[in-house]
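Notes for the one structure printed next.
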2 protein chains.
Amino acid sequence: MPETAHRIARQDRNRYGNRPTMKDVAARAGVGLKTVSRVVNGEPGVTPDTERRVQEAIDALGFRRNDSARVLRKGRTASIGLVLEDLADPFYGPLSRAVEEVSRAHGSLLINGSSAEDPDREQELALALCARRVDGLLIIPAGDDHRYLEPEIRAGVATVFLDRPAGRIDADVVLSDNFGGARDGVAHLIAHGHRRIGFIGDMPRIHTAAERLRGYRAAMEDAGIPVEDAWMSLGVTDPERVRRAAEAMLSGPTPVTAVFAANNRVTVTVVRVLAEHTRRVALVGFDDFELADLLRPGVTVVAQDAAQLGRKAAERLFGQLDGTLDTPERIELPTRLIARGSGELPPAD
Amino acid sequence: MPETAHRIARQDRNRYGNRPTMKDVAARAGVGLKTVSRVVNGEPGVTPDTERRVQEAIDALGFRRNDSARVLRKGRTASIGLVLEDLADPFYGPLSRAVEEVSRAHGSLLINGSSAEDPDREQELALALCARRVDGLLIIPAGDDHRYLEPEIRAGVATVFLDRPAGRIDADVVLSDNFGGARDGVAHLIAHGHRRIGFIGDMPRIHTAAERLRGYRAAMEDAGIPVEDAWMSLGVTDPERVRRAAEAMLSGPTPVTAVFAANNRVTVTVVRVLAEHTRRVALVGFDDFELADLLRPGVTVVAQDAAQLGRKAAERLFGQLDGTLDTPERIELPTRLIARGSGELPPAD
DNA sequence: CTGAAAGCGCTTACAG
DNA sequence: CTGAAAGCGCTTACAG
């Protein structure tokens, strides 16, 4: 511990630990409350001498303006809320960060929370944020009914949905072209000679999962390939289930020769399963991930730009707050197929 | 768009868009303000009939309690702040999530922001959070002088530092055993026959970087190996610089036979560089990362538990708020060496 | 069981 | 250039 370090006694937590208020500053400086307010907020109309006296009192007392009180009077809290699925999921890191940067540029603070893919928890979080009177709400929905937000939106809370559309209300949404991306990815496998292609995805009640499955079906239909039930597996994406699903598809008399993994968690598990198999199985995954290019073979993916998703949505949110946007829109961002090897393997049989 | 979806007109944003208040509810229900407050907060002493009338008014008006106002009166905001380096860094995802879970268990909301490793931005963020009167502050420091927090801590803001100690103030800190972890990692390489071992790390003003370098030196000294300047490279960890540093160590008449990469970003870049080389070079990295086991060879790492770091720090923070903790403590969590292949390669010459 | 008054720490709208 | 009064939407402390 450096010698300059010293312990600092912490006050009682009652009433913000007896923090000095503008009133205290005013008394000490011998001026009125409004004059302190002017100095603190950099408003004009204070003589240099008065300003100096006030500033000295501020420093001596260690005054810091209470923004909670300010907010109560002004109406806007200069904060926005972001409800996502799981902060620990690498997909949401860059998204969160992008939202934060836009928020910061607009002088706003970001409050975020994870729904853990639980609709009740999403609602609880979103409404708690409304009670704090965030100016706007960015939601990656877990549930499929967002009518609970109607009173809030009507009361003025700007709202943008992200990654998946809102359920049963008409609201702005910014998402990736899940259908088109999946269709392209599967078509890529077909172009490399595959016909028995497996699809492993998330629970179908999740919009992105349903859209990607639709893209898979469309690509198969375009190629005139009838899809067998055994080739499709939808459900929770924990490693155990995905592993079982992959192994089922890869065994039996007519195993699949390629797999389309419908999100990053699924892809990673499938890569592990394939690493244990001797037969070469082609793989295309939805979502890019770090080090995908360093695996052998490199993993071919349909990439979406998470940061761009966050940025667009946040910009749209502040657009609403500026009053420049009226009609809810659906903004769809294109995906990009990145060929790295695993998606270009020919069928093994 | 489903047929049930319909557009919701958003009110003016002035004064929370004319949101109904308790006063409005009281008027509509024909009761006093305090009675509404009782119902909203589930306090006892209201007849079922009165409660029903109030509840009906609440539902009809779409009332939601304004927690900003509540906070002003009660003193605690039920929110904590987390200042980290970069939300997009995969190290902070699980840490953030762990903090969020503890916070949630204590009924608190989490506000977080990135300092981008900039001391000024760290201070700006931390003080903005104090102005919002967060109950506590969790800080992964970018700067090395935190005296700016003294008035805040004195005023009652609970504070815990994370990953790196505070500078020039005495405060709680929860961190990994960076020195010991690095020493073990380098000793592991030495045990596998290496003597010319490179070290690539972050800027030495960052505490973790300095500690890990110290661990490297200690291991080398323990083994009686004099360290050459050319083996050490410290600086920003962007891929370009790390790549140059790695290539410099790997060329020349007496190249290093092993590299110790002092954090996850460095490790990933070094893996890329080594993949382009034909000569086998051993590698141990500080920080675990996804898929490290799937690379060929698997990457040997010194793992720290980011989630545990976040959890411990958050628990400590709420301990302070409960008033059960007084003296600042330094909590050091052990690291774990995970051998996967790259760290067990023998020297190439 | 119920409610009127005062106050949390600021800003707004005025008046001097 | 300066400041007293009222009010933001709640809770507290009290009285009936």
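Below, read A as the first sequence line, B as the second, and so on, with proteins coming before strands; counting in each chain starts at 1.
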In terms of side-chain heavy atoms of [X], which of [options] is nearest?
| X | options | answer |
| --- | --- | --- |
| A/Arg73 | D/dT2, D/dA6, D/dC10 | D/dA6 |
| B/Phe63 | C/dA4, D/dC10, D/dA4 | D/dC10 |
| A/Lys74 | C/dT11, D/dG3, C/dT2 | C/dT11 |
| B/Asn66 | D/dC10, C/dC10, C/dG3 | D/dC10 |
| B/Leu72 | D/dC10, D/dG9, D/dG3 | D/dG9 |
| A/Ser37 | D/dC10, C/dT11, C/dG3 | C/dT11 |

Quiz item: Between C/dT11 atom C1' and A/Asn41 atom CG, what is the distance in whole Å?
Solution: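 Value for this atom pair: 8 Å.
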Quiz item: More 5' along DNA chain C: B/Val31 or A/Ala69, using each one's nearest nucleotide?
Solution: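 The 5'-side residue here is B/Val31.
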Quiz prompt | Pair partner, D/dG3 [Watson-Crick or wobble, under 3.5 Å] | solution =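 D/dG3 is paired, partner C/dC14.
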Quiz item: Looking only at N and O atoms, is any donor in the side chain of A/Arg133 or the base of D/dG9 less than 3.5 Å from an acceptor on the other one?
Solution: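 In this structure, the two groups form no donor-acceptor pair.
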Quiz item: What about B/Arg38: does its side chain form a donor-acceptor pair under 3.5 Å with the base of C/dG3?
Solution: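 In this structure, the two groups form a donor-acceptor pair.
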Practice problem: May I ask you to decide whether A/Arg52 forms a salt bridge with A/Asp49, counting only side-chain N to carboxylate O separations under 4.0 Å? | Solution: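 Result for this pair is yes, salt bridge flagged.
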Quiz item: If you look at every strand shown and take non-hydrogen atoms under 4.0 Å, does A/Asp67 touch a base, only sugar-phosphate, or nothing?
Solution: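 Result for A/Asp67 = nothing.
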Distance check: side-chain N/O of [X] vs OP1/OP2 of [N], anything under 4.0 Å?
| X | N | value |
| --- | --- | --- |
| A/Ser68 | C/dC8 | no |
| A/Thr50 | D/dT2 | yes |
| B/Thr21 | D/dC8 | no |
| A/Thr35 | D/dG3 | yes |

Exercise. Going by the side-chain contact (heavy atoms from CB on, under 4.5 Å) test, name the single residue among B/Val40, B/Val36, B/Val39 that passes it with B/Val25.
Key: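 So the option named by the test is B/Val36.
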Practice problem: Just say parallel, tilted or perpendicular for the rings of A/Phe318 and A/His106, cut-offs at 30° and 60°. | Solution: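 Parallel, since the angle between the ring planes stays under 30°.
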Quiz item: Hey, are A/Arg132 and B/Asn66 close enough side-chain-wise for a donor-acceptor pair under 3.5 Å?
Solution: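 No.
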Quiz item: Do side-chain atoms of A/Ser103 reach the backbone of A/Ser108 as a donor and acceptor pair under 3.5 angstrom?
Solution: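 Answer holds: yes.
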